[in-house]
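See below for the structure under consideration.
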Amino acid sequence: MSSDSTTPPQPLQSPKSPITPSYPFHREGSRLWERNHLLLGELPSPLPTKRTRTYSATARASAGPIYKGVCKQFSRSQGHGFITPENGTEDIFVHISDIEGEYVPVEGDEVTYKMCPIPPKNQKFQAVEVILTHLSPHTKHETWSGQIISS
């Protein structure tokens, strides 16, 4: 044996084991990586999207009346916003998947929409089949593809 005192002795490790497992660590073959590193406490949204809404809820909403309102706020990065109804009642939630047309809504845009109850209690509603009927004047609008249009 050589008496090299410059490097401390390293612990022996199996070549197939992780170097330092930390909780939570991911097993090989785990599908967790396909879900963008979903960690504990980050649960999927309970709000139904166009894709996850049941057929019966979609059918009831489509058969319902058309309401008018104004976009109060919409965040493309967060994927949702709110509509102020024309009749002045409580603001209505809108999910990005329920926006019809080519423009991202901005504050002041006039819209038409239908309403669908939000489970599990069905006491609140969200806007579905949202159509921008009049773009807010003197504002920049973005298309879903990223092009900027001035109105």
Side-chain angles (χ1 to χ4, degrees), residues 11 13-151:
Q13 295 179 353
S14 167
K16 291 186 179 181
S17 70
I19 296 172
T20 54
S22 63
Y23 185 78
F25 67 94
H26 311 295
R27 299 183 312 196
E28 186 176 352
S30 169
R31 299 181 62 101
L32 191 61
W33 295 109
E34 295 175 9
R35 291 183 275 159
N36 298 329
H37 305 289
L38 185 66
L39 298 176
L40 297 174
E42 293 180 1
L43 298 175
S45 172
L47 296 170
T49 64
K50 190 176 195 176
R51 185 174 179 207
T52 61
R53 192 174 300 120
T54 63
Y55 176 77
S56 59
T58 302
R60 282 191 302 272
S62 292
I66 297 175
Y67 299 92
K68 290 183 179 183
V70 176
C71 179
K72 177 180 182 179
Q73 176 265 330
F74 189 83
S75 172
R76 182 178 183 169
S77 62
Q78 293 180 351
H80 69 271
F82 294 91
I83 295 172
T84 301
E86 187 178 59
N87 61 9
T89 57
E90 184 180 357
D91 291 344
I92 305 289
F93 174 84
V94 60
H95 188 267
I96 194 169
S97 65
D98 290 308
I99 307 291
E100 308 287 336
E102 61 181 306
Y103 295 106
V104 178
V106 298
E107 182 180 346
D109 286 347
E110 294 178 15
V111 297
T112 60
Y113 60 95
K114 295 185 178 186
M115 292 200 315
C116 182
I118 300 173
K121 295 182 180 180
N122 295 330
Q123 293 174 340
K124 293 195 174 196
F125 292 87
Q126 77 179 70
V128 297
E129 299 180 22
V130 178
I131 300 171
L132 277 69
T133 55
H134 189 289
L135 300 179
S136 180
H138 313 295
T139 58
K140 292 183 179 180
H141 282 78
E142 182 180 5
T143 63
W144 293 111
S145 62
Q147 184 179 2
I148 305 292
I149 308 291
S150 293
S151 60

Which heavy-atom pair separates [X] from [Y] by the least distance, and what is that distance?
X	Y	answer
Q126	I92	C-CG2, 3.7 Å
V128	C116	CG1-CB, 3.8 Å
A127	I83	CB-CD1, 3.8 Å
Y113	P85	OH-CB, 3.4 Å

All pairs passing salt bridge (Lys or Arg N to Asp or Glu O under 4.0 Å) where residues 54-66 contributes a residue, at least two apart =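 Output for this query is empty, none listed.
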
If a pair satisfies salt bridge (Lys or Arg N to Asp or Glu O under 4.0 Å) and one of its residues is in residues 107-119, list it, with sequence neighbours excluded.
->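 Every salt bridge (Lys or Arg N to Asp or Glu O under 4.0 Å) pair that includes a residue of residues 107-119, provided the two are not neighbours, is K114-E129.
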
Of all residues at least two apart in sequence or in a different chain, which pass the side-chain hydrogen bond (donor to acceptor under 3.5 Å, both in side chains) check with N122?
->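 Applying side-chain hydrogen bond (donor to acceptor under 3.5 Å, both in side chains) to N122 gives none.
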
State which residues pass side-chain hydrogen bond (donor to acceptor under 3.5 Å, both in side chains) with E86; sequence neighbours excluded, sorted by chain then number.
->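 Scan of E86 (side-chain hydrogen bond (donor to acceptor under 3.5 Å, both in side chains), adjacent residues dropped) gives none.
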
List, one per line, each side-chain donor-acceptor pair under 3.5 Å for residues 73-82, sequence neighbours excluded.
from	atom 1	to	atom 2	distance (Å)
S75	OG	S77	OG	3.2
S75	OG	Q78	N	3.2
R76	NH1	E142	OE2	2.8
R76	NH1	T143	O	3.3
R76	NH2	W144	O	2.5
H80	ND1	Q78	O	3.4

Nearest 0.5 angstrom please: [X] [atom1] to [Y] [atom2], how far?
X	Y	atom1	atom2	answer
T89	Y67	OG1	OH	9.0 Å
I118	H95	CD1	NE2	11.0 Å
S150	H141	OG	NE2	10.0 Å

Residues in ring pair (Phe, Tyr, Trp, His ring centres under 6.0 Å) contact with F125, at least two apart in sequence or another chain |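 Scan of F125 (ring pair (Phe, Tyr, Trp, His ring centres under 6.0 Å), adjacent residues dropped) gives none.
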
Please identify each residue that fulfils side chain to side chain contact (heavy atoms under 4.5 Å, CB included) with T84, with sequence neighbours left out.
->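 So T84 forms a side chain to side chain contact (heavy atoms under 4.5 Å, CB included) with K72, D91.
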
Where the side chain of S62 meets the backbone of A59, is there a donor-acceptor pair that is under 3.5 Å apart?
->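 Judged by distance alone, no pair lies under 3.5 Å.
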
Report yes if some heavy atom in the side chain of V111 is under 4.5 Å from a heavy atom in the side chain of P105; otherwise report no.
->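 No, too far: nothing below the 4.5 Å cut-off.
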
